[in-house]
Protein chains: 2
Amino acid sequence: MATIAQVAVKAGVSTATVSRALNKPEMVDAKTKAKVQEAVQSLGYRPNQVAQGLASRSSRTIGVVVNQFGSAYYGTMIDGAERALRKIGYKLIAESSGEAAEGERSAWQSLFDRQCEAVIVHSDALAEEELTGFMEKHPMSVLMNRHLPDYEDRCVYLDNIRGGALAAAHLVAKGHRKIATITGPFSYHEARDRLKGFEQQLAEAGIPLDPDLTAEGNFKDDMAFERMMALLNGPKEFTALFCQSDEMAAGAIEACRQKGLRIPDDISIIGFDDVDLARHLSPKLTTVRQPLREIGAAAGLLAHAVARKSPDIEGICRSFEAEVIERASVLDLNTGS
Amino acid sequence: MATIAQVAVKAGVSTATVSRALNKPEMVDAKTKAKVQEAVQSLGYRPNQVAQGLASRSSRTIGVVVNQFGSAYYGTMIDGAERALRKIGYKLIAESSGEAAEGERSAWQSLFDRQCEAVIVHSDALAEEELTGFMEKHPMSVLMNRHLPDYEDRCVYLDNIRGGALAAAHLVAKGHRKIATITGPFSYHEARDRLKGFEQQLAEAGIPLDPDLTAEGNFKDDMAFERMMALLNGPKEFTALFCQSDEMAAGAIEACRQKGLRIPDDISIIGFDDVDLARHLSPKLTTVRQPLREIGAAAGLLAHAVARKSPDIEGICRSFEAEVIERASVLDLNTGS
DNA sequence: TGCCTTGATGTAAGCGCTTACAAATGACAA
DNA sequence: TTGTCATTTGTAAGCGCTTACATCAAGGCA
């Protein structure tokens, strides 16, 4: 690999001039610039970006930590972040936490050790209190898809309360009154918020949330399958189900199938997320869409703005709205279709 | 951020000693080590890994370029690679190519500019010839899930010929004789290989591949839907279909549904990949499994071995075998179940 | 002509580390 | 006592860049 020094020798100038010719072209004479260009070409010189970063104290790198990369949920957000950052010449270093609190802590720290200018964290395992501590300790961090009131301006998040309300409103509008729900784990802020919005919206329609029809899941299909089985075997009847993730909806659908129940004829189901899976399920799943790619992109931009202490922070959308995508898994009781 | 110089002052030793105390503990006296440790603690010192890398000429970073991160296919491989690398203290810099040849070229180059010790490439867009050129130009590269005969020892790949054969064998064993197939794009090596294995295996059973029952898709569901519609509307009958990706199988299933055809009663379908989607489809999809996570992990390890010029290269599994996962989308014509 | 600008380039000091090599210390054998 | 050797530490030269500051030549102006 050619170095700047070799280019300088070949072009007959100092390394400072080479550096300037490349980075601040307006400061150097046209003829000199030409000589430098030629030397660069003939040596195939490419600046060592790590050395540049060390000297200029800017790595142009953002870190991201998520549970794992294999699921569409995380993958889509990361994709959004990476594309947004790549456009402005930034790179993404990705680390997975292995779904453990200790993994989140160490990944967070180690990304800074790698001189990431900022890091994007999707925390699942850290309690609110510890998270707050980290946000304070690492001011160059932003939270993705989680809302921490104390650090409002460094969070990109979905309005989960409203998301939950949307699900309830949709079901109620379709004439459902007896509604069950399988939530995410209550240790997750999102799960609590979605349930809260769901409950509030039901209340507005004069329907109290029935604890017997409320089950705590873990966003995964297997557990949702079991919960749904229990609900179906329970004494209470219901015509509709709200699952806080599409994957759980898939598990619930499977349970219905095993019990010989048809969807949406016998039971209506609405999911949450709108990952690819949703439109491949049978019937196609009506769901509450999270704009994951947009959320990821916003997190990337926010991280960049925070790192650069840019005043644009205010201009970056930090709060996103969910929307219901109507497909074929909810029956309209009013019209029967 | 504290620097090594500050630690040195606080501990009353030279920076060299601090460096040694931290990286080669056996070289320094126990008492000195204790003083250093204490200074490190009290200053909260953490080594700047970028500076370490510059000085020691090793970044402990591997790059990876894929089409996009949002799909389970790429996500799972990346997950495998990241976990394998994290265990040996390496980090992953991820860049997406935006599904374009130019994106692949520039990502590849730019990851080296960031001093990645090696880069893992999942090339979709580059033709074999250009790819060979890149492998020659960048010896610290490995190919993930693609097989380039000239650089056999720097490729981690699935035996796609065998994978295609497996699909054919399964269908034939179930008594199918009239078999259609929707392939990936023929510009993809994988698609050609899978078709080749498929054809060979059929030939062994005395069944010629019928061009009228062979359609070229693009691994996506939409196009598969159209291709399947055309096949169904065509003059030739068939009892089974092999799709070269699960996503295409989902599209084909949708087409059957629209035509009022039941699966597997009227038509049997076997997919390829075994991503999460497969077990959520209805009926659950019988498919040829690619061990994506293992392939990703092997690519990570191979990249590391290549970067370190380690002789272990030979010990890393580079060729993976597919396997058929039997679920519910293929009817056994022999028994009728 | 002399002085001040202005623009282009070079010099050299870092950025935060590692690592040859040199130096110092003490133990030990002759 | 002296020389040898092993052990521990320090000195300083990088790694490949950027950038503040110094330098220098040329042009403008009184």
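Reminder, nothing fancy here: chain letters follow the sequence lines and each chain counts from 1.
Here the P atom of nucleotide D/dG16 and the CZ atom of B/Arg114 are 18 Å apart, to the nearest Å. Taking atom CZ of B/Arg20 as the reference point, atom C1' of C/dC21 lies 11 Å away to the nearest angstrom. Between B/Leu22 atom CG and C/dG16 atom P there is a gap of 16 Å when expressed in whole angstrom units. Rounded to a whole Å, the CG atom of A/Asp29 is 13 Å from the C1' atom of D/dA25. The distance from atom CD of B/Glu26 to atom C1' of C/dT19 is 14 Å, rounded to the nearest whole Å. In this structure, CD of B/Gln49 is placed 15 Å from P of C/dG16, rounded to the nearest angstrom. Protein atom NZ of B/Lys31 is 14 Å distant from nucleotide atom C1' of C/dT25, rounded to whole Å. Put simply, CZ on A/Arg46 is 16 Å from C1' on D/dG16, counting in whole angstrom units.
For B/Asn48, the side-chain atoms get nearest to C/dC17 when compared with the rest of C/dT9, C/dC17, D/dT18. Considering only the side chain of A/Gln52, D/dT18 comes nearest among D/dT18, C/dT9, C/dC21. Comparing C/dC17, D/dC17, C/dT19 against the side chain of B/Ala16 picks out C/dT19 as the nearest. Of the candidates C/dT18, C/dT19, D/dG10, the closest approach to any side-chain atom of B/Lys24 belongs to C/dT19. In this structure, the nucleotide among D/dT18, C/dC17, C/dT9 sitting nearest to the side chain of B/Ala51 is C/dC17. Comparing D/dG16, C/dG16, D/dT19 against the side chain of A/Ser19 picks out D/dT19 as the nearest. Out of C/dC17, D/dT9, D/dT18, the shortest distance to the side chain of A/Ala55 is found at D/dT18. With D/dC17, C/dC21, C/dT18 as the choices, the nucleotide that has an atom nearest any side-chain atom of B/Ile4 turns out to be C/dT18.
For the pair B/Thr32 and A/Val50, both in contact range of DNA chain D, the more 5′-proximal nearest nucleotide belongs to B/Thr32.
One finds a side-chain N or O of B/Ser14 lying less than 4.0 angstrom from the OP1 or OP2 phosphate oxygen of D/dG10. A sub-4.0 Å separation between OP1 or OP2 of C/dT18 and a side-chain N or O of B/Asn23 is present.
Counting atom types as modelled, B/Arg57 pairs no side-chain N or O with a base atom of D/dG16 as donor and acceptor under 3.5 Å.
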*Under the side-chain hydrogen bond (donor to acceptor under 3.5 Å, both in side chains) rule, what do B/Lys24 and B/Ser19 come out as? Steps first, then yes or no, please.*
CA-CA 8 Å; B/Lys24 321 204 164 145; B/Ser19 175; over 6 Å; no
_Residues B/Tyr90, B/Glu117; criterion side-chain hydrogen bond (donor to acceptor under 3.5 Å, both in side chains); working and verdict_ = CA-CA 10 Å; B/Tyr90 270 65; B/Glu117 293 181 15; 2.8 Å; yes
_Using the rule given for side-chain contact (heavy atoms from CB on, under 4.5 Å), can you reason through A/Leu92 versus B/Glu95, listing the C-alpha separation, both sets of side-chain angles and the distance that settles it, and then say yes or no?_
CA-CA 7 Å; A/Leu92 242 211; B/Glu95 182 153 355; over 6 Å; no
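Pairing each heavy atom of B/Glu104 with each of B/Asp124, the nearest pair is OE2-N, 2.8 Å.
Taking SG of B/Cys116 as the reference point, atom CD of A/Gln49 lies at 10.5 Å (rounded to 0.5 Å).
Residue contacts for A/Thr3: at a heavy-atom cut-off of 4.0 Å it reaches the sugar-phosphate backbone alone, with no base atom in range.
The closest donor-acceptor contact from the side chain of B/Arg20 to the backbone of B/Val28 lies at 3.5 Å or more, if one exists at all.
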